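Let me begin by presenting the structure, written as structure tokens, before commenting on it.
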Amino acid sequence: MEQNPHIALLPCPGMGHLIPLVEFAKLLLHHHDFHITCIIPTTGSPSKAMKEVLQALPTSIDHVFLPPVSLEDVKGAKPGLQITLTMTRSLPSLRDVLTSLVATTRLVALVLDPFGIDALDVAKELNVSPYIFYPTNAMVLSLLLNLPKLDETVSCEYRDLPEPVKLPGCIPIQGRDLIDPMQDRTSEWYKMFLRTSKQVRLADGIVINTFMELDGNAITALEEETKNLSLYAIGPIIQSGSRNPVEGSDCLRWLNNQPSGSVLFVCFGSGGTLSYDQMNELALGLESSKQKFLWVVRSPNNELANAAYLADQTLDNNPLAFLPNGFIERTKEQGLVVPSWAPQAQVLSHNSTGGFLSHCGWNSTLESIMQGIPIIAWPLFAEQRMNAVLLTDDLQVALRPKANEKNLVDGEEIAKVINSLMVGEDGKKIRNRMKNLKIAAEKAHSPNGSSTKALADLTSQWTNQP
Ligand code: UPG
């Protein structure tokens, strides 16, 4: 039997969930001699991006793919529902893997993504301490924990509430900006989300990828509220370094030849998509702004804003074909378009990058903060509208373009906001605030920083377990 404490991690499908969890695993290894196994539910063969992340893991982090589950019966359903079902349908094989880890290692904790909340019961059944890794901020966690109360007290759809929702320690938030599953209370997805919100409290602790200097009021309010549930704000944990040094080198080479801080990076996370019309307006806005840009282009989708979320990006055949006629030729001195995927962490840390037009996924947000890069907030789905409100209204480190009556952000508005961010007075203020936030983030991970302390509390909890 292995003597070092062993931790099992259970991410859900999607790079935005896998990346922070494996980075968390690496951070744990810096602090203790843990042995770690990532247990990965699948619906088919893993994507190239996913394999690259896993293959680059140090030897004391193992990974096991669970046998693929079928989602044939829910083909075309929203990715959020598909992810939840992938997790629940993987429970029997998860139980097998955990049983064998319990028999052969000193398994002290199972850390699971909230999409896999039912695994909490499996952990308890096997006497393994369940923890949740919450990959976004304290406002979203607060919403989740307060949902049972909201569900009882609010009778209409949240989006029809006349007043914003006030969560303890958080900026007020309009119902229409709440996380996606709360936009239709009659949906199966809402019911699942509500169930998750009740089960979350049964975990032994919640690890959250944020830090006191960013989210202090919300974290303190949560700690007050959740006395018997330990909360560990150990962020920011972000993607580190290159996964594949060759891939994406074209865009890094291009960046090398651009002036310092001149380039706007445009990317909608691991699977965000625009409608065809919106993609055209964005192209128009980028071109007419005259600012330098590096744009990760995906094929448009008129139905879903996260159409590419569960897809293998390398299968998106020719997204550049959807750009307006002559766009690439006309902008060849001004910008670079990259199909599907770019090495975002390296792009954001490059000296030529000066702004980020982002869908406000939490990993992208933290990566931008860690490089002091101000944001143009363009939320698409999930909890991104909440993140955008936090970034623009609360922290004031982002600008948000306005949509017109057709719910499109038109080219003129896009160009205006780009210029404001990259060369305007507003942009200067926002950039300074973002630089201060970067300093605060670094402080959180310094030897006496809030996140360092929270991580030490968590690891001592685990190492002291029999
Ligand atoms: N990334 C790249 N290259 C690309 C696109 C993305 O390296 O071309 C990386 C990026 O650096 C980041 C991750 O992929 O590390 C994307 O994560 P994130 O910005 O959080 O976006 P999503 O993949 O959309 O993440 C999902 C949800 C988001 C949520 C997040 C964590 O969509 O709303 O905050 O998961 O729960």
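All ligand and atom numbering here is 1-based and tracks the order in the structure. The model shown is predicted, which means the values in this text are computed figures rather than measured ones. We're numbering straight along the sequence, starting at 1.
Residue-level proximity to ligand 1 for N363 is carried by backbone and side chain together, each with a heavy atom below 4.0 angstrom. In A382, the part holding a heavy atom less than 4.0 Å from any atom of ligand 1 is the side chain.
Residue Q239 places a heavy atom under 4.0 Å from ligand 1. In this structure, A342 counts as a contact residue of ligand 1, since one of its heavy atoms falls inside 4.0 Å of the ligand. Contact between C267 and ligand 1 is present, with at least one heavy atom of the residue lying under 4.0 Å from the ligand. Within the structure, ligand 1 has F381 among the residues with a heavy atom less than 4.0 angstrom away.
Considering each of H359, E367, R298, R385, the one bringing a non-hydrogen atom nearest atom 24 (O) of ligand 1 is H359. For atom 1 (N) of ligand 1, the candidate residues are F265, F268, W341, F133; the nearest heavy-atom contact is made by W341. Of all the listed residues (G16, S270, P339, C360), S270 holds the heavy atom that lies closest to atom 23 (O) of ligand 1. For atom 32 (O) of ligand 1, the nearest non-hydrogen atom from the set Q346, M386, Q384 belongs to Q384.
Annotation for ligand 1: atoms under 4.0 Å from non-hydrogen atoms of W362 are 20 (O), 29 (C), 34 (O). Taking every heavy atom of P135 and a limit of under 4.0 angstrom, the matching atoms of ligand 1 come to 31 (C), 36 (O). Atom numbering of ligand 1 starts at 1 in the shown order; those under 4.0 Å from a heavy atom of H17 are 35 (O), 36 (O).
Taking CG from L85 and CH2 from W189, the interatomic distance works out to 11.5 Å, rounded to the nearest 0.5 Å. The CG atom of L81 lies 9.0 Å from the NZ atom of K78; values are rounded to the nearest 0.5 Å. Atom OG in S451 sits 9.5 Å away from atom CE in M212 (nearest 0.5 Å). The structure places OG of S230 at 6.5 Å from OH of Y131, a figure rounded to the nearest 0.5 Å. Between the CG atom in L141 and the CG atom in L231 there is a gap of 6.0 Å [rounded to 0.5 Å].
The shortest non-hydrogen separation linking Q334 to L286 is NE2-O, 2.9 Å. Minimum interatomic distance between L214 and L390 (heavy atoms only, all atoms of both residues): CD2-CD2, 4.2 Å.
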Stepwise side chain to side chain donor-acceptor pair (under 3.5 Å) check, Q199 with D118:
CA-CA 8 Å; Q199 284 167 294; D118 289 324; 3.0 Å; yes
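Among the atoms of N387, none of the N or O lies under 3.5 angstrom from an N or O of ligand 1.
Ring centroid separation for the pair W295 and F265 does not come in under the 6.0 Å cut-off.
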